[in-house]
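Okay, structure first, notes after.
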Amino acid sequence: MSIKERLEIILEKIAKAADKAGRKPEEVKLLGASKTQPPEKIREAFAAGLSLFGENYVQEAKKKKEALTDLPLTWHLIGYLQRNKAKDALKIFDLIETVDREAIATELEKRAARLEKVVPVFIEVNVGGEETKAGVAPEELPALVECVLGLSHLRLEGLMTIPPYREDPEEVRPFFVRLRELKEDLERRFPEAKFRELSMGMSHDFHVAVEEGATIVRVGTALFGPRPKK
Ligand SMILES: *Cc1c(COP(=O)(O)O)cnc(C)c1O
């Protein structure tokens with residue numbers, strides 16, 4: 001199947017899930033999770049109508065972006081950000097989805113101030129409490145939000161999560177519900193802030209995420225096919 005055909009199927013599924021939940025399909029953005037995929041695949045996805053992409057590694061993103069400068073693409077960082085990559089990340093990405101600790105927030109603030117730019121960010125939440133996963137623990141989320149809201153070169157726009165993997169997407173639903181509830185709780189606690197975006201849902205469970213309020217779904221294999229080895 002071509003990327004164009006896969007994209008059509010994904011958009012149909014998004015529309016169906018949105019409809020089921022009484023939402024408008026336009027409320028949901030599709031992000032192509034393009035890690036390990038060559039620039040040609042991104043080009044193909046763009047030709048099919050997609051312009052938002054997410055990369056996990058700063059160096060990999062830098063190379064691909066350089067190969068695609070002729071296209072008007074938007075790039076999100078969706079992988080773990082090391083402190084020593086903060087400066088490069090700010091130069092490459094339009095939005096950073098994975099702010100998950102004060103140390104990285106303050107480092108981004110310092111670097112963004114030097115570059116004289118304001119960077120939109122999401123906070124990544126570890127809704128499953130998995131030790132091996134990045135993301136702030138739900139209990140520590142309000143403190144991190146307060147920290148980020150105090151940083152003038154970061155603009156907090158939403159939350160992101162990578163829930164635990166479950167064979168049955170229905171079993172992932174409670175984790176999506178949890179992220180939405182955390183967002184609603186934050187909106188009550190911090191009325192001055194705007195949490196517009198909920199980035200959740202991947203290839204095998206994005207339809208459930210859309211039903212539970214996702215505004216960005218991050219889809220890799222269902223769009224590009226299997227990932228080539230690096
Ligand atoms: C790889 C990746 C995805 C996409 O995963 P698929 O299962 O291939 O759709 C989404 N989000 C993040 C953070 C990823 O690393």
Side-chain angles (χ1 to χ4, degrees), residues 1-3 5-14 17 28-39 41-42 44-45 48 50-62 64 73-82 85 89 92-101 104 120-136 157-173 175-176 178-179 197-230:
M1 232 192 288
S2 69
I3 288 181
E5 287 166 315
R6 289 205 187 92
L7 179 65
E8 275 166 21
I9 292 170
I10 293 166
L11 293 177
E12 241 168 67
K13 268 178 105 173
I14 290 174
V28 186
K29 289 185 279 276
L30 174 62
L31 173 149
S34 48
K35 60 174 176 265
T36 78
Q37 301 290 353
K41 294 272 188 170
I42 296 173
E44 202 181 323
L50 194 65
S51 59
L52 174 61
F53 295 90
E55 284 283 339
N56 292 62
Y57 304 100
V58 175
Q59 281 313 108
E60 186 183 337
K62 185 164 186 250
K64 274 183 219 178
L73 306 179
T74 303
W75 297 91
H76 286 193
L77 177 66
I78 61 172
Y80 182 79
L81 181 57
Q82 290 172 304
K85 297 275 166 42
I92 294 163
F93 293 99
D94 301 289
L95 187 151
I96 293 176
E97 295 203 10
T98 52
V99 173
D100 65 352
R101 58 203 191 280
I104 199 67
V121 301
F122 299 167
I123 289 179
E124 180 179 357
V125 187
N126 186 352
V127 285
E130 294 170 289
E131 273 182 31
T132 54
K133 279 217 177 115
V136 65
E157 296 193 341
L159 302 177
M160 178 268 211
T161 197
I162 308 170
Y165 180 81
R166 298 281 187 271
E167 191 83 35
D168 177 1
E170 276 306 323
E171 288 180 25
V172 190
R173 188 183 295 274
F175 298 108
F176 295 142
R178 185 82 206 277
L179 194 72
E197 311 281 6
L198 275 182
S199 173
M200 57 188 195
M202 314 195 337
S203 284
H204 92 298
D205 56 17
F206 68 85
H207 56 292
V208 180
V210 168
E211 286 173 24
E212 297 303 339
T215 64
I216 298 179
V217 292
R218 309 178 309 266
V219 178
T221 46
L223 176 69
F224 294 108
R227 272 186 279 280
K229 295 271 185 313
K230 275 231 283 190

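We count residues from 1, following the sequence as given. Below, all heavy atoms of this structure are taken into account, side chains as well, without hydrogens, waters or symmetry copies. For ligands, and for the atoms within them, numbers begin at 1 and follow the listed sequence.
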For K35, the side-chain contact (heavy atoms from CB on, under 4.5 Å) test, sequence neighbours excluded, returns E55, N56, E60, R227

Strictly below 4.0 Å, N to O, side chains only: are E44 and K41 in salt-bridge contact? no

Give a table of atom pairs where an N or O of ligand 1 lies under 3.5 Å from a protein N or O.
unit_1: ligand 1; atom_1: 8 (O); unit_2: T221; atom_2: N; d: 2.9
unit_1: ligand 1; atom_1: 8 (O); unit_2: T221; atom_2: OG1; d: 3.1
unit_1: ligand 1; atom_1: 8 (O); unit_2: R227; atom_2: NH1; d: 2.8
unit_1: ligand 1; atom_1: 8 (O); unit_2: R227; atom_2: NH2; d: 3.3
unit_1: ligand 1; atom_1: 9 (O); unit_2: S203; atom_2: N; d: 2.9
unit_1: ligand 1; atom_1: 9 (O); unit_2: S203; atom_2: OG; d: 2.5
unit_1: ligand 1; atom_1: 9 (O); unit_2: G220; atom_2: N; d: 2.8
unit_1: ligand 1; atom_1: 11 (N); unit_2: R218; atom_2: NE; d: 2.9
unit_1: ligand 1; atom_1: 15 (O); unit_2: K35; atom_2: NZ; d: 2.7
unit_1: ligand 1; atom_1: 15 (O); unit_2: N56; atom_2: ND2; d: 2.7

Search all heavy atoms of R166 against all heavy atoms of F175 and return the closest pair with its distance. NH2-CZ, 4.1 Å

For G79, is there any backbone N or O sitting under 3.5 Å from a side-chain donor or acceptor partner on T98? yes

More than 12 foreign heavy atoms under 6.0 Å from CD of E12: is that the case here? no

Count the heavy atoms of every other residue, nucleotide or ligand shown that sit under 6.0 Å from NZ of K133, and state whether that count exceeds 12. yes

